[in-house]
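Input: a single structure, listed below in structure tokens.
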Amino acid sequence: MIQQKDQKGLKGFFEKFLDKDSLFLNKKALQESYTPETISHRDKEIKKIAEVLAPCLRNEKPSNLFIYGTTGTGKTVSMKYVIHQLMTLATEREVPLRAIYVNCKIKKVADTEYRLIAQFIRDLGREVPPTGLPTDEVYNIFYKLLDENKFNLLIVLDEIDYLVKKTGDEVLYNLTRINPELKNSQLSIVGISNNVVFISSLEPRIKSSLSEEQILFPTYNAIQIQQILRDRAEVAFKESVLQEGVIEKCAAYAAHEHGDARRALELLRVSGEIAERTNSDKIKLEHIDEAEEKIEKDRVLELVESQPKQYQAVLYSILKIYSGRKDVIFTGEIYELYRTICEKADLRPLTQRRISDILAEFDMLGIINARLISKGRYGRTREIAMSVPSSLEPKINEILIKDLSL
DNA sequence: CGAGATTCATGTGAAGTATACCTTTAGGCTTAA
DNA sequence: AAGCCTAAAGGTATACTTCACATGAATCTCGTA
């Protein structure tokens with residue numbers, strides 16, 4: 001917070017900020033949205049994707065494709081990379097090809113059947129209302145859009161397991177069955193999932209249709225991550241701003257988390273930001289530790305802040321009980337406290353049924369750790385514990401109190 | 001003592017409801033001929 | 001008479017509620033050793 005007396009110096013501060021040499025050359029290279037020129041250690045996978053999808057350049061329908069592997073193994077980047085190349089070539093050669101990338105995990109965008117199809121339509125350049133239309137009607141608009149113009153459509157469904165978990169596999173069934181109805185265009189689906197066993201949980205007919213081709217992305221080892229980091233760092237940072245061992249340490253942290261390259265890159269970026277902010281002329285090892293903390297903190301706090309009020313009230317009850325007694329909690333206790341909190345926060349309390357679902361969602365988000373247990377004679381319940389670092393609890397508490405105006 | 005039966009506290013699926021939003025339709029008003 | 005606007009009617013998706021049944025191990029019950 002900048003105090004009154006400092007305000008005169010604000011201009012000076014900005015000037016100094018501008019004059020100061022940035023450690024970064026091109027920070028974008030470390031951001032998640034960045035698609036690098038070349039992707040290391042994924043040649044085989046990328047080639048395979050390309051092989052599967054190539055027919056669409058000849059206006060033939062490529063096989064549906066299913067890609068799986070744990071987080072941060074480069075599934076999304078590789079896919080985006082191939083799409084990018086395909087699209088460039090397609091425009092060059094005037095091949096009628098379009099690609100839609102959707103992340104099904106994003107709430108309120110693509111987490112129901114209706115919203116998913118609506119999102120496709122929007123991506124194809126037509127507006128549809130957020131609700132109110134029959135789902136059939138939305139499908140019809142989609143068909144028509146496809147049939148009006150002749151082109152090949154490539155749909156990439158990232159985190160497809162979330163979609164199925166929430167809405168069932170009917171969507172996939174409908175999508176895989178669209179093709180025979182289309183006269184002009186063709187539709188291919190690429191599903192991406194972190195969950196390795198996901199595909200086997202599908203109904204056989206959908207399973208076979210979706211996974212005409214499958215590609216597994218193996219995890220990176222520490223050496224590979226190091227190289228990925230070096231490649232990106234070269235683009236992102238100015239020369240010799242990295243202290244000896246920084247790359248190795250980032251890689252080690254990430255390898256710890258089963259080879260998650262995304263985390264490693266984020267770690268490196270945030271370390272750079274911290275170094276810059278503290279006026280260090282180099283990124284040092286201790287910046288990484290700080291970054292590690294900051295990332296987790298930001299992730300959790302942002303998540304907490306973005307939750308709807310009801311969800312926050314539930315979380316507040318959990319936090320309140322949990323921080324008073326560092327032990328597992330049961331659903332009943334939470335619900336009881338939740339009701340009194342609703343009263344204080346001027347909220348209409350939801351039913352226990354609903355709270356049960358909300359708790360399950362928190363579990364999925366990784367804010368809490370819930371386990372279904374039976375206490376025999378004393379019933380059955382979820383055994384719940386907070387799963388965020390306890391150092392964050394006061395901060396979360398603060399946010400919740402503010403948001404719920406308690 | 002041990003095999004079933006019982007029990008508790010809540011999970012969970014299905015169906016129903018409230019709300020917000022959409023399109024269609026019918027009526028009323030305006031306008032131009 | 002045609003055209004335009006508005007409000008009501010009729011329909012949907014979504015978030016939530018209600019209802020009813022499922023769960024599963026600690027505990028109880030009761031026949032048997």
Side-chain angles (χ1 to χ4, degrees), chain A residues 102-145 161-175 201-203 303 306-318 321-322 325 327-343 345-365 367-387 403-404:
Chain A
V102 179
N103 186 334
C104 306
K105 200 175 170 180
I106 301 172
K107 247 191 172 180
K108 305 267 178 186
V109 173
D111 58 350
T112 69
E113 187 171 7
Y114 180 98
R115 297 212 260 240
L116 183 72
I117 308 297
Q119 186 60 34
F120 293 160
I121 295 171
R122 267 182 225 116
D123 279 351
L124 292 175
R126 191 137 152 227
E127 278 310 304
V128 270
T131 168
L133 252 53
T135 308
D136 287 1
E137 187 57 30
V138 187
Y139 270 107
N140 281 336
I141 297 175
F142 185 53
Y143 288 146
K144 212 184 279 171
L145 222 48
D161 44 331
Y162 271 86
L163 180 71
V164 174
K165 195 164 191 175
K166 265 205 81 168
T167 64
D169 46 18
E170 206 176 316
V171 208
L172 295 182
Y173 182 64
N174 288 336
L175 282 177
S201 69
L202 288 176
E203 239 182 276
L303 201 57
S306 66
Q307 294 301 318
K309 280 237 156 74
Q310 291 288 357
Y311 287 57
Q312 289 184 332
V314 177
L315 191 58
Y316 185 67
S317 336
I318 301 172
I321 300 175
Y322 188 72
R325 156 175 72 94
D327 199 5
V328 290
I329 320 166
F330 304 121
T331 309
E333 303 175 71
I334 293 171
Y335 189 65
E336 219 170 281
L337 183 57
Y338 160 81
R339 290 195 71 107
T340 66
I341 283 166
C342 279
E343 213 169 290
D346 205 17
L347 284 171
R348 192 175 54 85
L350 304 180
T351 51
Q352 184 147 343
R353 176 72 185 82
R354 182 69 187 131
I355 301 305
S356 182
D357 283 348
I358 291 176
L359 288 174
E361 275 188 58
F362 278 154
D363 190 28
M364 282 244 287
L365 287 172
I367 302 179
I368 63 171
N369 211 314
R371 199 160 59 98
L372 197 61
I373 55 150
S374 174
K375 293 188 292 165
R377 181 69 212 274
Y378 306 103
R380 234 162 84 91
T381 182
R382 278 203 181 89
E383 198 182 66
I384 294 161
M386 293 291 292
S387 72
D403 278 13
L404 294 168

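By convention in this document, chain letters (A, B, ...) are assigned in the order of the sequence lines, proteins followed by strands, and residues within each chain are numbered from 1.
The nearest whole Å value for the distance from the CD1 atom in A:Ile329 to the C1' atom in B:dA9 is 17 Å. Rounded to an integer number of Å, the gap from A:Glu137 CD to C:dT12 P is 11 Å. Regarding A:Glu113, its CD atom lies at a distance of 13 Å from the C1' atom of C:dT12, rounded to whole Å. Between the CD1 atom of A:Ile117 and the P atom of C:dT14 there is a distance of 11 Å, rounded to whole Å. The distance between atom CD of A:Glu361 and atom C1' of C:dA15, rounded to the nearest whole Å, is 11 Å. Taking atom CD1 of residue A:Ile141 and atom P of nucleotide B:dC22, one finds them 13 Å apart after rounding to whole Å. Counting to the nearest Å, the C1' atom of C:dT14 and the OH atom of A:Tyr311 are 11 Å from each other. The interatomic distance linking A:Arg382 (CZ) with B:dA9 (P) rounds to 17 Å, in whole Å.
Residue A:Thr131 has no polar side-chain atom (N or O) positioned under 4.0 Å from OP1 or OP2 of C:dT14. At the phosphate of B:dA9, neither OP1 nor OP2 sits under 4.0 Å from any side-chain N or O atom of A:Arg380. Neither OP1 nor OP2 of C:dC21 sits under 4.0 Å from any side-chain N or O of A:Arg353. When the side-chain nitrogen and oxygen atoms of A:Arg115 are compared with OP1 and OP2 of C:dT12, none of them lie within a distance under 4.0 Å. Regarding contacts with the backbone of C:dT27, a side-chain N or O of A:Tyr378 is found under 4.0 angstrom from either OP1 or OP2. For A:Thr112 and C:dT14, the shortest distance from a side-chain N or O to OP1 or OP2 is below 4.0 Å. For the OP1/OP2 pair of B:dA9 and a distance below 4.0 Å, the side-chain nitrogens and oxygens of A:Thr331 include no atom meeting the criterion. Contact between the side-chain N/O atoms of A:Thr351 and the OP1/OP2 oxygens of C:dT17 is found at a separation under 4.0 Å.
Comparing A:Pro130 and A:Arg377, the nucleotide of DNA chain C nearest to each residue sits closer to the 5' end for A:Pro130. Between A:Leu133 and A:Leu359, the residue whose closest nucleotide on DNA chain B is further toward the 5' end is A:Leu359.
A donor-acceptor pair under 3.5 Å is absent between the side-chain atoms of A:Thr167 and the main chain of A:Glu113, judged by distance alone. Under the 3.5 Å distance criterion, the side-chain polar atoms of A:Gln307 are matched with a main-chain donor or acceptor of A:Leu303.
Residue A:Leu372 is in sugar-phosphate contact alone, with no base atom involved, counting any heavy-atom pair closer than 4.0 Å across all strands shown. Among the heavy atoms of the strands, none lies under 4.0 Å from A:Pro308.
In summary, of the residues considered (A:Leu175, A:Val128, A:Leu145), a side-chain contact (heavy atoms from CB on, under 4.5 Å) with A:Phe120 occurs for A:Leu175 alone.
Comment: A:Asp161 does not engage A:Lys165 in a salt bridge, judged by the lack of any side-chain N to carboxylate O separation of less than 4.0 angstrom.
A donor and an acceptor atom, one from each side chain of A:Tyr338 and A:Gln310, are located under 3.5 Å apart.
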